[in-house]
Amino acid sequence: MCIRDRDQTVLANEQVVGGLCERCDTPVTKKKLTQWYFGITQYADRLLDDLNQLEGTWPAKVLTMQRNWIGRSVGADVQFVIEGRDEPVSVYTTRPDTLYGATFMVVAPDSDLAAELAATAPEQTQQEFATYLDRVKAITEIERQSTDHEKTGVFLNHWAINPVNGERLPIWAADYVLSDYGHGAIMAVPAHDQRDLDFALKFDLPVRVVVETGLPDPADSHIAATGEGRLINSGPLNGHTKTEAIDLIIRILEEKGLGRAAKNFRLRDWLISRQRYWGTPIPIIHCPQCGEVPVPDDQLPVELPPMSGDELRPRGISPLADAEDWVNVPCPQCGAAAKRDTDTMDTFVDSSWYYLRFVSPHDDTAIFDIAEAEKWAPIDQYVGGVTHAILHLLYSRFVTKVLFDMGLVTFTEPFSALLNQGMVLMDGSAMSKSRGNLVRLSDELEEFGVDAVRLTMAFAGPPEDDIDWKDVSPGGSARFLARAWRLARDVTSAPEVVWADGDHALRRATHRLLADVPQLIEAFKFNVVIARVMDLVNQVRRVIDSGAGPADPAVREATENIAIILSLFAPYTAEDMWRLLGYQPSVARAGLRKPDHALLVEESVTCVVQVNGKVRDRLEVSPQTSEAELTKLALESEQVQHILAGAEPVKVIVRAPKLVNIVAR
RNA sequence: GCCCCCAUAGCCCAACUGGCAGAGGCAGCCGACUUAAAAUCGGCCCAGUGCGGGUUCGAAUCCCGCUGGGGGCACCA
């Protein structure tokens, strides 16, 4: 829970970053509350496995972050009998092979089991436990998670029985075991787990090696032996490798009904209740007779009651509780006086499916129009900040899978491709609303114009990279745009000219650009597109000033295409160029022209001649020159003869028509 | 502590499946135009691809090991 004035609400696991509230950086506190959750953990396997479908189209970084966050681990549940308790206790372990090395058990201090065991312990133990529990609750999440948090704990005066060898294991409560992961209880194998070893050393508990790893005894080295090895001191497991022993012990435990293979996830269920006004009311009515009753479909959606001003201020309880007319409703089942749930849903619930609502925003009969969704979704290309890597993007994937299971969509992943755009930095620091803008965008726009500022951002580098504003030059962009604009001003030919009469070299350059632009755009290489346009602008300038002159048709052709391509980045400049060239608005509607393939055929190419990988000569040849011909020409080269100095070529590698490599000696 | 990504000119960045290291820009220098300056135009300078090995006819590109930077996870049994 975030307690600061601004938020005062409970949060989901994903919204707690390093023990701090994701929105306002306030340390979070824990509180026992009854809240609504979405069962995202039931989709954990699919959320993890389906990431493979996104390989290559999503940034590898985001895939890794989601995999880490879901955190699947495989191992076994093992049942331990507790002396004096009827029900055995399950523990989860990824190393069931080390079961013979267990020397104690640890339970989470805030678990029901710990409370139960403490309650049946001697008076002094009860006191120690109560004190310890208070202490654990008092420390913040940050302190608890700090890297070298000293191990703490209390002995509960109870014993568990190791199911495979009947040994009595003392049961401790310690906060390095979490109540909400696995079963909130572990078997401790100090020889082969660093955390257990640290605890055992601190409280003088036995350390027993059961895997021969060739490493020094952990009891002496204080380093747990987590590597591979053969099992020892482990009855039927002796002599087996770690992997074999894991399979074997699981089989033995299953046969005896003492355990089974199991897996666990780091992912927790999604807590969606929020004590805020702005959000979607949770459509549940609490009836004293019927309990929690869903609002009937024909009364959905539940709309917020009108409230304003101070009524909306967060106070740790939902503002909606004050809207009495709204809260008090008859139970849909029995008609008795009942109350609406006064919490609203996490707004991430809404953003998880907005992309589907957007295809039919005016449909008031359904969540969205299934046919429209079928037509438009999933999203081909999604662009967003990496900040949503495990919030929005995980929730949205989850909701999409739920909608798929409900038969509302036919796909299981909402975003086929993802691009994480970079940020604009100043001297290495992010500019943001909270930190304040280190460069005033308004000043930059005032000085250089919006076209130049946008062009600067597109030209600075690949879109996924951060840009440091100190490295870029909006002034340079403005100069370039003026330079391009002057071409349009200088063109003297009419739109009706015959392009085929134009300067051949310039025409070829123009059509090469036209051929390359579509794929560059699709690959998001906007910086390269702009560089190529700059190159063409330079060439046109040269033709105007010292070549065929401003009346040449190729000059017009090149300039028109420059305007069309530039309209992607600098629409105002491009429109004005278009007008100067004698057209009506809008260049944006002109469409990218198709290259004339006849102009793309190379008339001659430079063939590089290497000797032992070093360039020694260049040949101007026709693109159709055969390998044999190239070999002959290369060997005849004076340069090559000189370098070879009579040595016999061992091998000639030809990549016609661009390269010949002669291997000598 | 574990995992991932990146490293090319003074700076930002290019280089298709290994095949001529430079497309473009910034900064700098020189020149033209100008009474002068700005703007403009032309030209020039600049790295052998972080370091060390390996594979290959050939490596910025592939492999291994380092260094530096960035990011993710971090008592999850």
Side-chain angles (χ1 to χ4, degrees), chain A residues 18 59-69 71-73 75-76 91-96 98 106 108 144-151 174-178 180-189 192-196 198-199 264-268 386 389-390 428 455-456 459-462 464-477 479-480 482-483 486 513 516 519-520 523 525 527-538 541-542 544-546 606-618 649-655 658-664:
Chain A
K61 188 171 143 184
V62 174
L63 296 176
T64 307
M65 285 167 75
Q66 292 221 353
R67 288 188 179 114
N68 286 343
W69 188 263
R72 180 162 63 195
S73 83
V91 305
Y92 172 72
T93 176
T94 53
R95 292 295 303 276
T98 61
V106 186
R144 207 184 68 76
Q145 289 180 358
S146 80
T147 328
D148 38 31
H149 182 55
E150 269 289 295
K151 290 281 184 291
D175 70 352
Y176 81 93
V177 172
L178 310 173
D180 60 351
Y181 185 79
H183 304 286
I186 62 156
M187 65 176 212
V189 186
H192 305 293
D193 182 285
Q194 191 62 46
R195 298 154 301 184
D196 297 342
D198 293 343
F199 192 84
N264 258 300
F265 297 92
R266 216 191 74 102
L267 181 72
R268 303 297 202 273
V386 73
I390 45 178
L455 189 82
T456 301
F459 181 57
E464 59 269 31
D465 286 7
D466 289 346
I467 298 168
D468 200 318
W469 204 249
K470 76 173 176 358
D471 293 330
V472 298
S473 170
S477 299
R479 280 201 299 277
F480 162 71
R483 195 170 152 80
R486 283 195 301 271
L513 178 59
D516 292 346
Q519 55 210 29
L520 288 170
K525 295 186 171 184
N527 54 329
V528 180
V529 172
I530 294 166
R532 294 286 304 276
V533 173
M534 288 173 166
D535 187 32
L536 187 60
V537 166
N538 290 342
R541 187 79 257 162
R542 275 193 290 273
I544 291 177
D545 288 352
S546 50
T606 305
C607 178
V608 175
V609 181
Q610 299 178 331
V611 177
N612 293 330
K614 285 187 182 159
V615 181
R616 297 301 186 183
D617 201 0
R618 288 160 218 271
V650 179
K651 195 175 174 185
V652 181
I653 288 125
V654 187
R655 289 285 176 275
K658 308 203 77 160
L659 179 131
V660 177
N661 187 16
I662 298 162
V663 187

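Throughout, protein chains are lettered first and strands after them, A, B, ... in sequence-line order, and every chain is numbered starting at 1. Everything numeric here is computed off the predicted structure, so don't read it as measured data.
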By the Watson-Crick or G-U definition, both distances under 3.5 Å, B:C66 is matched with B:G50
Fill in: Salt bridge A:D516-A:R532, side-chain N to carboxylate O under 4.0 Å
yes
| message | Does a side-chain N or O of A:R483 approach OP1 or OP2 of B:G42 to a distance below 4.0 Å, or not? | response | yes
* Quick one: does A:R268's side chain have a donor or acceptor within less than 3.5 Å of a partner on A:D180's backbone? -> yes
Rounded to whole Å, the NZ-P distance (A:K651 to B:U56) equals 10 Å
Item checked: Separation of the P atoms in B:G70 and B:U56, to the nearest angstrom -> 37 Å
Against the side chain of A:I653, the closest entry in B:G72, B:G24, B:G19 is B:G19
Out of B:U40, B:A77, B:G24, minimum distance to the side chain of A:R486 belongs to B:U40
task: Determine the Euclidean distance between corresponding C1' atoms of B:A21 and B:G68; express it in Å to zero decimal places.
output: 23 Å
Value for CD (A:Q610) from CG (A:D617), rounded to nearest 0.5 Å, stands at 12.0 Å
Q. How far, in whole Å, is B:C57 from B:C73 if one measures between their P atoms?
A. 45 Å
Rounding to 0.5 Å, atoms CZ (A:R486) and CD1 (A:I544) come to a distance of 10.5 Å
OG1 of A:T606 to CG of A:L659, rounded to nearest 0.5 Å, is 12.0 Å
Picking from B:A77, B:A27, B:G25, the nucleotide nearest the side-chain atoms of A:R479 would be B:A27
Please confirm whether the shortest side-chain N or O distance from A:N527 to OP1 or OP2 of B:G25 is below 4.0 Å.
no
So CG of A:N527 and NZ of A:K525: to nearest 0.5 Å the spacing works out to 8.5 Å
Q | Rounded P spacing from B:A23 to B:C44 in Å | A | 12 Å
Here the distance between atom C1' of B:A23 and atom CZ of A:R532, to the nearest Å, is 7 Å
Among B:G58, B:G25, B:A14, the one nearest any side-chain atom of A:V528 is B:A14
A:N661 side chain vs A:G613 backbone, donor-acceptor pair below 3.5 Å: yes
A:K61 atom NZ is separated from B:C5 atom P, nearest whole Å, by 12 Å
Distances under 3.5 Å between protein N/O atoms and the N/O atoms of nucleotides 30-32 of chain B, please, pair by pair.
none

Exercise for review: Ignoring hydrogens and angles, answer whether the base of B:G19 and the side-chain atoms of A:R655 contain a donor-acceptor pair closer than 3.5 Å.
Suggested key: yes
Taking B:A23, B:C73, B:C13 as options, the one with an atom nearest any side-chain atom of A:D465 is B:C13
Considering only heavy side-chain atoms of A:N661, the closest of B:G58, B:C41, B:G72 is B:G58
Of B:G24, B:A15, B:G42, the nucleotide closest to the side chain of A:M534 is B:G24
In whole angstroms, the gap separating P of B:C12 from CH2 of A:W469 amounts to 16 Å
Taking B:G42, B:A77, B:C26 as options, the one with an atom nearest any side-chain atom of A:T94 is B:A77
Task: Phosphate contact (B:G25 OP1 or OP2) by A:S477 side-chain N/O below 4.0 Å - done: no
As its Watson-Crick or G-U partner within any shown strand, both distances under 3.5 Å, B:C26 has B:G10
Applying the 3.5 Å cut-off to both distances, the Watson-Crick or G-U partner of B:U56 turns out to be none
Kindly say whether, by distance alone, the side chain of A:Q610 makes a donor-acceptor pair under 3.5 Å with the base of B:G19? yes
Tell me, yes or no, whether the heavy-atom count around A:K658 atom NZ, taken from other residues, nucleotides or ligands under 6.0 Å, exceeds 12. no
B:G18 glycosidic conformation (syn if within 90° of 0, otherwise anti) is anti
Check your understanding: How far does the C1' atom of B:C45 sit from the matching atom of B:A38, given to the nearest Å?
Key -> 25 Å
Taken to the nearest 0.5 Å, the spacing of A:N612 CG from A:K651 NZ works out to 12.0 Å
Rounded to whole Å, CZ of A:F459 lies from P of B:C13 at a distance of 11 Å
ask   = Between the main-chain N or O of A:S73 and the side-chain N or O of A:N264, is there a donor-acceptor pair closer than 3.5 Å?
value = no
Whichever of A:R542 and A:V615 has the more 5' nearest nucleotide on RNA chain B, that residue is A:V615
Next on the checklist: What's the gap between B:C13 and B:U17 when it is taken at their C1' atoms, as a whole Å value?
Outcome noted: 23 Å
Exercise. Classify the side chain of A:D471 and the base of B:C12 as holding, or not holding, a donor-acceptor pair under 3.5 Å.
Key: no
The residue, A:H183 or A:N538, whose nearest nucleotide of RNA chain B is more 5′ is A:N538
Gap in Å between the two P atoms, one belonging to B:G72 and one to B:A59, rounded
37 Å
In whole angstroms, the gap separating P of B:G25 from CG of A:L536 amounts to 13 Å
Among the nucleotides B:G25, B:A77, B:A15, whichever has the atom closest to the side chain of A:L178 is B:A77
Distance check: side-chain N/O of A:K525 vs OP1/OP2 of B:A15, anything under 4.0 Å? yes
Answer for the Watson-Crick or wobble partner of B:A15, both distances under 3.5 Å, is none
- Is a donor on one side and an acceptor on the other found under 3.5 Å between the side chain of A:Q66 and the backbone of A:I390? no
pair_partner(B:C2), Watson-Crick or wobble, both distances < 3.5 Å, evaluates to B:G72
When rounded to whole Å, the CD to P distance for the pair A:Q519 and B:U17 reads 12 Å
Using a heavy-atom cut-off of under 4.0 Å over every strand shown, decide if A:T64 touches base, sugar-phosphate, or nothing.
nothing
From the candidates B:C73, B:A77, B:A14, the one with an atom nearest any side-chain atom of A:R266 is B:C73
| Given the P atoms of B:A60 and B:U49, what is the spacing between them in whole Å? | 7 Å
A:W69 atom CH2 is separated from B:C3 atom C1', nearest whole Å, by 16 Å
